[in-house]
Amino acid sequence: MGKLVLYGVEASPPVRACKLTLDALGLQYEYRLVNLLAGEHKTKEFSLKNPQHTVPVLEDDGKFIWESHAICAYLVRRYAKSDDLYPKDYFKRALVDQRLHFESGVLFQGCIRNIAIPLFYKNITEVPRSQIDAIYEAYDFLEAFIGNQAYLCGPVITIADYSVVSSVSSLVGLAAIDAKRYPKLNGWLDRMAAQPNYQSLNGNGAQMLIDMFSSKITKIV
Ligand SMILES: N[C@@H](CCC(=O)N[C@@H](CS)C(=O)NCC(=O)O)C(=O)O
C-alpha cells in the first residue's frame, strides 16, 4: 500500500466525509492542512494537485484525486475488505450513488455553499429566508429517504451516511432539526453521532463551520 495524504481543513464538510471513511477503513494517512481563508488552495503548488482548487484532495502514492464522493468511493473499492460501505450490487450501489449526488448537489452546493460564498468571500451578512427554506426542504427529503431504516441506504452504514452527515451536522446551526417534525432524521443523526471517533472526525469541525456562520450572519431577510 502506498502513502496516503489527505489535504483539507476541519470546517469543510467534504473533508470530514473523507476522514470518516478513512477511519472506518482503518487506514493510516497523513493530514495536511490547507488554509482556505489564507488562499493556500489558490497557490500554483496546490493547483498542480487539483486545478479546481477545492479540498479535499487525496494523494495516493503520488497520484491525486479530488471531490469527496469520488475519494470515498475510491477508498472503499481500493482498500476495503468488504463492500458494505459501497456495495458492488448494482441496485444497492445506485441507492448509495443517489444519496451521494444528493449531498453534492442539494445539501452541499444548494444549501451550504450558496450561503457560505456570499458570507465568507463577498462580505454579504444577510441570508435570504429562501435559503433557509431550502435546507428544510432538503430535510423533508432526507426524512423520506431514511424511512424505517437505521441508515440512509438500509440497515448498514455506507459512505452516503458519512457524506450526508458531514453537511447536515453543520446545517443544524442554520436550520435546527425539530425531533417532532423530523423523527427519522433526528434518530439517524443520533446514530451517526454515536459512531466511533465521530466527535474528533466530524463533530468538532461541524461546530467550527457553525461558529463561522454565526460570526458572519447578521440577519435572515
Ligand atoms: N463537491 C466537492 C466540494 C468541494 C468544495 O467545494 N470544497 C470547498 C471547501 S468546503 C473548497 O475547497 N472551496 C474552495 C474553492 O472552491 O476555491 C467535494 O465534495 O469535494
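Treat the numbers as computed from the prediction; the structure is a model and nothing was measured.
Cluster annotation: Leu36 and Val5 are assigned to the same hydrophobic cluster (Ile/Leu/Val/Met/Phe/Trp/Tyr, side-chain heavy-atom contacts under 4.5 Å, transitive). Cluster annotation: Ile65 and Val76 are assigned to the same hydrophobic cluster (Ile/Leu/Val/Met/Phe/Trp/Tyr, side-chain heavy-atom contacts under 4.5 Å, transitive). Following chains of ILVMFWY side-chain contacts shorter than 4.5 Å, one can reach Phe108 starting from Tyr121, so the two form part of one hydrophobic cluster. Leu37 and Met208 fall into different hydrophobic clusters, where Ile, Leu, Val, Met, Phe, Trp and Tyr are joined by side-chain heavy atoms under 4.5 Å apart, directly or via other members. Using a 4.5 Å cut-off between side-chain heavy atoms of Ile, Leu, Val, Met, Phe, Trp and Tyr, with links allowed through other members, Ile117 and Met212 fall into the same hydrophobic cluster.
Rounded to the nearest 0.5 Å, atoms SG (Cys153) and CD1 (Ile146) are 10.0 Å apart. To the nearest 0.5 Å, atom SG of residue Cys72 and atom CG of residue Leu58 are 9.5 Å apart. Ile71 contributes atom CD1, which lies 10.0 Å from atom CH2 of Trp66 (distance to the nearest 0.5 angstrom). To the nearest 0.5 angstrom, Tyr31 atom OH is 12.5 Å from Tyr7 atom OH. For the atom pair CG (Leu174) and CG (Leu209), the distance works out to 7.5 Å, reported to the nearest 0.5 Å. Atoms CG and CZ, on Leu75 and Arg77 in that order, are 11.0 Å from each other to the nearest 0.5 Å.
Side-chain contact check for Met192 versus Tyr151: some heavy-atom pair is nearer than 4.5 Å. Counting only heavy atoms from C-beta outward, the side chains of Gln109 and Asn114 approach each other to under 4.5 Å. Counting heavy atoms from C-beta on, the side chains of Val9 and Val34 never come closer than 4.5 Å. Between Leu119 and Ile124 there is no side-chain heavy-atom pair separated by less than 4.5 Å. Between Glu10 and Lys19, the closest side-chain pair of non-hydrogen atoms falls below 4.5 Å. Looking at heavy atoms from C-beta onward, Ile220 lies in side-chain contact with Ile217 at the 4.5 angstrom threshold. Between Ile112 and Leu107 the shortest side-chain heavy-atom distance does not fall below 4.5 Å. A heavy-atom distance below 4.5 Å is not found between the side chains of Leu33 and Glu40.
With 3.5 Å as the limit, one finds a donor-acceptor pair spanning the side chains of Tyr79 and Asp60.
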Go through the steps to decide whether Val221 and Val127 satisfy the test side chain to side chain contact (heavy atoms under 4.5 Å, CB included), and finish with yes or no.
CA-CA 6 Å; Val221 290; Val127 175; over 6 Å; no

Between Gln195 and Ile157, is the side chain to side chain contact (heavy atoms under 4.5 Å, CB included) condition met? List the steps.
CA-CA 10 Å; Gln195 294 300 312; Ile157 208 160; 3.6 Å; yes

Step by step, work out the side chain to side chain contact (heavy atoms under 4.5 Å, CB included) result for Thr158 and Tyr86.
CA-CA 6 Å; Thr158 68; Tyr86 193 46; over 6 Å; no

Start with the C-alpha distance between Thr21 and Leu25, add both sets of side-chain angles, then the distance that settles side chain to side chain contact (heavy atoms under 4.5 Å, CB included), and finish with yes or no.
CA-CA 6 Å; Thr21 304; Leu25 294 172; 4.1 Å; yes

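With Tyr162 as the fixed residue, the side chain to side chain contact (heavy atoms under 4.5 Å, CB included) test singles out one of Asp23, Leu100, Asn202, Leu20: Leu20. When His69, His101, Arg16 are each tested for a side-chain hydrogen bond (donor to acceptor under 3.5 Å, both in side chains) with Ser163, only one passes: His69.
Ser170 places a side-chain N or O within 3.5 Å of a backbone atom of Ala206 that can act as its donor or acceptor partner. Checking side-chain atoms of Asn50 against main-chain N and O of Thr54 turns up a donor-acceptor pair under 3.5 Å. Remark: side-chain polar atoms of Ser166 are not paired, donor with acceptor, to backbone N or O of Ala17 under 3.5 angstrom. Of the possible donor and acceptor atoms, none in the side chain of Glu103 sits under 3.5 Å from a partner among the backbone N and O of Val164.
Cation-pi contact between Lys216 and Phe120: absent, since separation from the ring centre below 6.0 Å together with deviation from the ring axis within 45° is not met. Under a cutoff of 6.0 Å and an axis angle of 45°, Arg99 and Phe145 form a cation-pi pair.
Using a 4.0 Å cut-off between charged nitrogen and carboxylate oxygen, Arg32 and Glu30 count as a salt-bridge pair.
When all heavy atoms of Val96 and Pro87 are compared, the pair lying nearest together is CG2-CD, 3.8 Å. Between Arg93 and Lys88, the shortest heavy-atom contact is NH2-CA, 3.9 Å. Across Tyr198 and Ser169, no two heavy atoms sit closer than the pair OH-CB, 3.5 Å. Leu171 and Cys111 make their closest contact through CD2-CB, 3.8 Å (heavy atoms, listed as atom of the first residue, atom of the second, distance).
Under a cut-off of 6.0 angstrom, the local environment of NZ in Lys92 is sparse, with at most 12 non-hydrogen atoms contributed by other residues, nucleotides or ligands. Around the OH atom of Tyr90, the shell of radius 6.0 Å holds no more than 12 heavy atoms that belong to other residues, nucleotides or ligands.
The salt bridge (Lys or Arg N to Asp or Glu O under 4.0 Å) test applied to Arg181 returns Asp140, not counting sequence neighbours.
Between Phe141 and Phe102, the ring planes are perpendicular. Angles over 60° get that label, and only those under 30° would be called parallel.
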